Amino acid sequence: MMVNSSGRASGQKAHLLLPTLKENDTHCIDFHYYFSSRDRSSPGALNVYVKVNGGPQGNPVWNVSGVVTEGWVKAELAISTFWPHYYQHLHQEVSRELAKVVLMQLTVIFESVSLKGHPGCIAVDEVRVLAHPCRKAPHFLRLQNVEVNVGQNATFQCIAGGKWSQHDKLWLQQWNGRDTALMVTRVVNHRRFSATVSVADTAQRSVSKYRCVIRSDGGSGVSNYAELIVKEPPTPIAPPELLAVGATYLWIKPNANSIIGDGPIILKEVEYRTTTGTWAETHIVDSPNYKLWHLDPDVEYEIRVLLTRPGEGGTGPPGPPLTTRTKCAASCDESRRRDSPAFLSLLKSGWNQPQEPWFNEHRLVSQAPSLLAQCFPGFVAPTTLSRRNGRSQSYR
């Protein structure tokens, strides 16, 4: 393809289509480009785009602009296709004033855009698709998907085969075309290097795509798109179910089958506390039902379930609470009876001094047996017998 920019209006375009690559293999696309101008001013820019599965064009993975070449210059584009993805290649020649090119549903496009007032030509020739790695442009190994929980740091690791240079430019390109610079690069050995980048787009549940791009003196390398999957930690929808109650224990069912958020659930925990206290305790649940031991009698407890999925920060917020009270123990029942109005009335009534000279002990007032029967269920008032002058007498 050769485009003569002389006498053309700014923004005029010419296109060249390339076939779609579908083989699950390593490819090297090499081509020669040529910039010429009679007044030595650059006629425009040459950009190389890589489209995937009919997706957006994004930003160029390689470009050259503002130059006039002395002859033909060779460049390489290193691409590795991994099933089920396939790549489309778009070469575009644009002017400095071109802000954005709207792409149609095309497989491969070379596009030239003329710039008014800058006579010259831009040419692309000898475009070849080779089934082996490039000699100069680094090849990326397969970029793996990254899964994190909401609010956690996500890190992609871009590993490439080839030689690393301080002048090379590395970045992470999002599906929508936004670029993020790679932060740390290290040389693994003389034939391989790696780069890492942290992605801040983890504030909410989502799925987005990223790929690694490198620009070197010999050309560019492009990785496959990998997914950044942001998961939401799970939370139970319903509170725990109360199965049985004792003075010092509670049997519960966690009710963790219906959740808000994402699984799989790898850990279930029960968090419980008193409704009036500030402390809380957490127990791991490894069975369908769970028994909380060593509780205090006649105390109200609040019980919630915590669920955890894989990964850092995978524990979701506590589910809705179950509020319940343990039963009263025997000592607690006795304390309640002692605090009853009947027993307090008995204490206030005091003791009567017996009139019989033979009775040397104090005795309760005549109402005492009935009051004791009210305070202590099952109490039966006895008939008291005493012996005087060898005979038995009964009294109440």
Side-chain angles (χ1 to χ4, degrees), residues 21-30 48-53 55-56 58-63 75-89 129-149 152-202 206-231 310-312:
L21 290 177
K22 296 183 180 180
E23 295 83 0
N24 185 21
D25 202 353
T26 296
H27 300 281
C28 180
I29 300 177
D30 66 6
V48 179
Y49 296 87
V50 177
K51 293 183 63 177
V52 179
N53 296 341
N59 293 332
V61 298
W62 181 91
N63 74 303
E76 295 177 334
L77 182 61
I79 298 176
S80 296
T81 57
F82 300 99
W83 186 88
H85 299 294
Y86 65 93
Y87 284 83
Q88 294 176 320
H89 307 276
V129 179
L130 307 174
H132 58 72
C134 295
R135 297 184 61 185
K136 294 184 178 180
H139 270 273
F140 284 104
L141 277 64
R142 181 163 188 166
L143 185 64
Q144 301 296 324
N145 293 340
V146 175
E147 182 178 293
V148 297
N149 295 305
Q152 302 301 309
N153 293 328
T155 301
F156 282 97
Q157 185 175 31
C158 304
I159 304 176
K163 293 184 178 181
W164 162 255
S165 170
Q166 296 278 343
H167 304 290
D168 292 347
K169 180 184 177 183
L170 271 160
W171 69 95
L172 200 66
Q173 189 175 82
Q174 198 170 349
W175 179 262
N176 60 13
R178 186 176 11 171
D179 294 338
T180 303
L182 293 168
M183 302 302 295
V184 180
T185 304
R186 68 182 183 90
V187 177
V188 178
N189 53 49
H190 69 284
R191 298 182 57 186
R192 185 167 294 182
F193 60 90
S194 67
T196 58
V197 61
S198 295
V199 180
D201 189 19
T202 62
S206 63
V207 177
S208 51
K209 297 180 180 180
Y210 292 84
R211 67 183 177 187
C212 304
V213 182
I214 183 172
R215 170 69 189 273
S216 65
D217 292 338
S220 288
V222 184
S223 78
N224 62 295
Y225 272 111
E227 291 185 341
L228 171 60
I229 307 167
V230 182
K231 296 287 190 177
E312 185 177 354

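Along the sequence shown, residues carry numbers from 1. Remember, predicted model here, so these are calculated numbers, not experimental data.
For R178, the side chain to side chain contact (heavy atoms under 4.5 Å, CB included) criterion is met by Q174, N176, not counting sequence neighbours. Considering only residues two or more places apart in sequence or on other chains, D30 meets the salt bridge (Lys or Arg N to Asp or Glu O under 4.0 Å) condition with K74, R128. E227 is linked by a side chain to side chain contact (heavy atoms under 4.5 Å, CB included) to N145, V207, K209, I229, counting only residues two or more places apart in sequence or in another chain. Taking N59 as the reference, Q173, D179 meet the side chain to side chain contact (heavy atoms under 4.5 Å, CB included) condition, with sequence neighbours excluded. The side chain to side chain contact (heavy atoms under 4.5 Å, CB included) search around A154 returns V146, V148, V199, T202, L228, not counting sequence neighbours.
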Self-check item: From CA spacing to verdict: side-chain contact (heavy atoms from CB on, under 4.5 Å), C212, L172
Solution: CA-CA 5 Å; C212 304; L172 200 66; 3.9 Å; yes
Worksheet entry | Worked check of side-chain contact (heavy atoms from CB on, under 4.5 Å) between K169 and V213 | CA-CA 8 Å; K169 180 184 177 183; V213 182; over 6 Å; no
**Asked** Would V188 and R186 count as a side-chain contact (heavy atoms from CB on, under 4.5 Å) if you check the C-alpha gap in whole Å, the side-chain angles of each, and the deciding distance to 0.1 Å?
**Response** CA-CA 6 Å; V188 178; R186 68 182 183 90; 4.1 Å; yes
Please walk me through it: do V50 and L77 pass side-chain contact (heavy atoms from CB on, under 4.5 Å)? CA-CA 10 Å; V50 177; L77 182 61; 4.0 Å; yes
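Counting heavy atoms from C-beta on, the side chains of T155 and S198 come closer than 4.5 Å. No side-chain heavy atom of C158 sits less than 4.5 Å from a side-chain heavy atom of S223. A heavy-atom distance below 4.5 Å is found between the side chains of V52 and R211. Side-chain contact check for R215 versus D168: every heavy-atom pair is 4.5 Å or farther apart.
A distance of 9.0 Å separates CD1 of I29 from CG of L130, quoted to the nearest 0.5 Å. Here Q144 contributes atom CD and Q157 contributes atom CD; the two are 10.0 Å apart, rounded to the nearest 0.5 Å. Expressed to the nearest 0.5 Å, how far CD1 of I214 lies from CZ of F140 amounts to 5.0 Å.
Remark: side-chain polar atoms of H139 are paired, donor with acceptor, to backbone N or O of C134 under 3.5 angstrom. N63 contributes no side-chain N or O that, together with a main-chain N or O of P60, makes up a donor-acceptor pair within less than 3.5 Å. In this structure a side-chain-to-backbone donor-acceptor pair under 3.5 Å is missing from S194 to I159.
Residues L170 and A195 share a closest heavy-atom pair of CD1-CB, 3.8 Å.
Pairs of residues two or more places apart, or lying in two chains, that qualify as ring-ring contact (aromatic ring centres under 6.0 Å, His included) and include a residue from residues 155-186 are F156-Y210, W164-F193, W175-Y225.
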